[in-house]
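Proteins get letters first, then strands, A, B, ... in listed order; numbering begins at 1 in each.
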Number of protein chains: 2
Amino acid sequence: MPPRWDIIELLFFAYRDFVGDPDDVLDQFGFGRAHHRVVHFVHRYPGLKVADLLDVLRITKQSLGRVLKQLLDEGYIVQKSGAADRRQRLLFATAKGEALVAQLAGLQTDRISRALRDFKPDEVDAVGRFLSGMIDRDDPDKVLQAILGADSGMTRE
Amino acid sequence: MPPRWDIIELLFFAYRDFVGDPDDVLDQFGFGRAHHRVVHFVHRYPGLKVADLLDVLRITKQSLGRVLKQLLDEGYIVQKSGAADRRQRLLFATAKGEALVAQLAGLQTDRISRALRDFKPDEVDAVGRFLSGMIDRDDPDKVLQAILGADSGMTRE
DNA sequence: AATTTATGTCAGTCATATTGACATATCTTG
DNA sequence: CAAGATATGTCAATATGACTGACATAAATT
């Protein structure tokens with residue numbers, strides 16, 4: 001099987017520019033890419049546990065610690081003790097956090113919409129199936145399962 | 001325009017796993033992701049100049065310096081003075097470098113092929129057009145132009 | 001009561017990036 | 001030819017985001 005140089009390199013450049021938009025905004029907040037990832041997933045999956053976040057981001061708790069603390073201190077995220085298990089710290093985005101996520105997602109959505117402009121529904125669907133297919137399936141990751149599970153029919157509104 | 005949470009998150013996970021495969025191999029060589037990027041583009045675009053590489057990778061020459069030196073010292077890359085302009089250091093992958101790139105590209109190609117299995121030709125085409133469309137066009141980058149130029153069926157202004 | 005689990009923290013290290021300043025060789029231009 | 005621009009390299013200091021290992025605490029489970 002010959003290497004798919006085309007896709008390999010397109011993925012590199014596409015991802016480079018895809019994360020480049022948020023990076024510029026994050027700089028103004030004194031944040032980095034790590035902060036974006038954390039506040040994004042907390043906003044999207046309210047009540048996420050610290051352990052879930054570690055699974056999703058594939059980093060250690062020590063790495064997550066500093067970034068999470070900053071987001072808590074500056075009021076982008078709050079944490080509540082779990083009702084069933086009070087050891088757990090369930091994470092939620094504040095209005096401030098939601099606003100930041102929305103701003104960054106807006107930039108990325110603009111880019112995606114531009115790329116998908118004039119795509120037929122089944123072409124959009126193919127893009128979604130490709131990206132899903134690129135992801136490891138043997139992954140005991142709750143968030144990931146939620147995404148992949150909800151992923152039938154990319155053309156829904 | 002509502003955020004495309006689906007694509008945003010699929011891209012995150014797809015890229016995470018896409019670069020995850022090479023990372024494991026690179027560890028065994030004492031290399032990191034930066035070494036992969038450098039040797040990859042040097043192999044793919046023989047005679048690449050240092051300045052070209054800086055444009056592609058969007059890093060500073062100081063950052064590139066250490067990584068490039070290691071690859072030169074360990075014989076994955078060689079450099080020759082430019083014929084026309086002898087200030088330029090033109091970079092070429094050695095057989096050793098090519099072998100490494102091929103191994104890493106093999107892993108990534110396996111993943112891509114798996115994702116594109118059972119895709120019809122026009123669906124594969126849609127994936128390529130999507131990725132191309134995600135890339136900034138106002139980019140005076142020789143390598144990028146080569147890639148985008150070779151990508152038939154693309155909509156450009 | 002003992003153990004496991006979820007989380008936090010301290011301390012040190014590493015890889016990769018940054019900015020700024022300066023050096024050298026070489027090409028281009030007035 | 002002299003002056004300046006360009007391509008590259010290097011030194012120094014710094015930041016971010018990752019790592020390992022060890023230890024602490026609180027709460028759940030056995």
Side-chain angles (χ1 to χ4, degrees), chain A residues 12 16 19-20 22-24 26-42 47-74 77-92 140 142, chain B residues 12 16 19-20 22-40 42 47-74 77-92 140 142:
Chain A
F12 170 78
R16 182 192 68 175
V19 297
D23 281 351
D24 298 336
L26 288 159
D27 265 356
Q28 299 163 12
F29 288 80
F31 288 156
R33 213 169 281 177
H35 300 83
H36 183 193
R37 294 197 287 255
V38 170
V39 74
H40 171 94
F41 282 108
V42 169
L48 206 63
K49 292 182 297 176
V50 170
D52 294 333
L53 213 37
L54 295 177
D55 282 348
V56 170
L57 302 182
R58 295 264 172 89
I59 58 175
T60 59
K61 59 183 174 180
Q62 294 86 342
S63 292
L64 178 59
R66 188 173 45 94
V67 169
L68 189 54
K69 189 172 189 309
Q70 271 182 275
L71 291 169
L72 287 164
D73 287 349
E74 300 185 28
I77 285 177
V78 290
Q79 54 186 14
K80 301 174 186 168
S81 292
D85 186 335
R86 284 188 310 189
R87 290 172 307 180
Q88 298 175 346
R89 304 298 193 74
L90 310 184
L91 304 170
F92 299 86
K142 286 167 58 178
Chain B
F12 170 77
R16 182 191 67 173
V19 296
D23 281 352
D24 299 336
V25 175
L26 288 160
D27 264 357
Q28 299 164 11
F29 288 81
F31 288 157
R33 215 169 278 178
H35 300 83
H36 183 194
R37 294 196 288 255
V38 170
V39 75
H40 171 95
V42 168
L48 206 63
K49 292 181 298 178
V50 170
D52 295 332
L53 213 38
L54 294 178
D55 282 347
V56 170
L57 302 182
R58 296 265 172 90
I59 57 176
T60 58
K61 61 182 174 181
Q62 294 85 342
S63 291
L64 178 59
R66 186 178 44 93
V67 169
L68 189 53
K69 189 171 188 311
Q70 270 181 277
L71 291 169
L72 287 164
D73 288 349
E74 300 185 28
I77 285 176
V78 291
Q79 54 187 12
K80 300 174 187 168
S81 293
D85 185 337
R86 284 188 311 187
R87 289 171 307 179
Q88 298 175 346
R89 303 296 199 68
L90 309 184
L91 303 170
F92 300 86
K142 285 168 57 177

Spatial distance of atom CZ (A:Phe31) from atom CG (A:Leu71) [nearest 0.5 Å]
5.0 Å

Walking along DNA chain C from 5' to 3', note the first and the last nucleotide with an atom under 4.0 Å from a heavy atom of chain A, and give both.
C:dT5 to C:dC10

Within this structure, what is the CG-CZ distance for the pair B:Asp23 and B:Arg33, rounded to the nearest 0.5 Å?
4.0 Å

Residues of residues 60-72 of chain B with any non-hydrogen atom less than 4.0 angstrom from an atom of DNA chain D: list those, numerically ordered, please.
B:Lys61, B:Gln62

Separation of D:dT10 atom P from B:Leu54 atom CG, nearest Å, is 14 Å

Tightest non-hydrogen contact, residues A:Gly32 and A:Leu26, listed as O-CD1, 3.6 Å

Any non-hydrogen side-chain atom of B:Val56 less than 4.5 Å from a side-chain atom of A:Phe12?
yes

Might you point out which heavy atoms bring A:Gly30 and A:Gln70 nearest each other, and give the distance in Å?
O-NE2, 4.4 Å

Mapping B:Ile59 and B:Gly82 onto DNA chain C by nearest heavy atom, which one lands closer to the 5' end?
B:Ile59

In Å and rounded to the nearest 0.5 Å, what is the CD1 to CG distance from A:Ile59 to A:Leu54?
6.5 Å

Distance-minimising heavy-atom pair for A:Val42 and A:Ile77
CG2-CD1, 4.0 Å

Residues passing the side-chain contact (heavy atoms from CB on, under 4.5 Å) test with B:Arg89, sequence neighbours excluded, are B:Val50, B:Gln79

Please work out the stems of DNA chain C from pairs that are Watson-Crick or G-U wobble with both distances under 3.5 Å, keeping only runs of three or more consecutive pairs.
C:1-30 with D:1-30

Of all the heavy-atom pairs spanning B:Gly47 and B:Leu90, show the shortest one and how long it is.
O-CD2, 3.5 Å

Can you tell me how far the NE2 atom of A:His35 sits from the CZ atom of A:Phe29, to the nearest 0.5 Å?
12.0 Å

Please give, in whole Å, the distance from D:dT8 C1' to B:Asp55 CG?
14 Å

Which residues in residues 29-40 of chain A have at least one heavy atom lying under 4.0 Å from any atom of DNA chain D?
A:Gly32, A:Arg33, A:Ala34, A:His35, A:Arg37

Give each protein N/O atom lying under 3.5 Å from an N/O atom of nucleotides 3-7 of chain D, with the pair distance.
unit_1: D:dT6; atom_1: O2; unit_2: B:Arg87; atom_2: NH1; d: 2.3

Separation of A:Lys49 NZ from A:Asp55 CG (nearest 0.5 Å):
9.0 Å

Roughly how far, to the nearest 0.5 Å, is CG of B:Leu68 from CG of B:Leu57?
10.0 Å

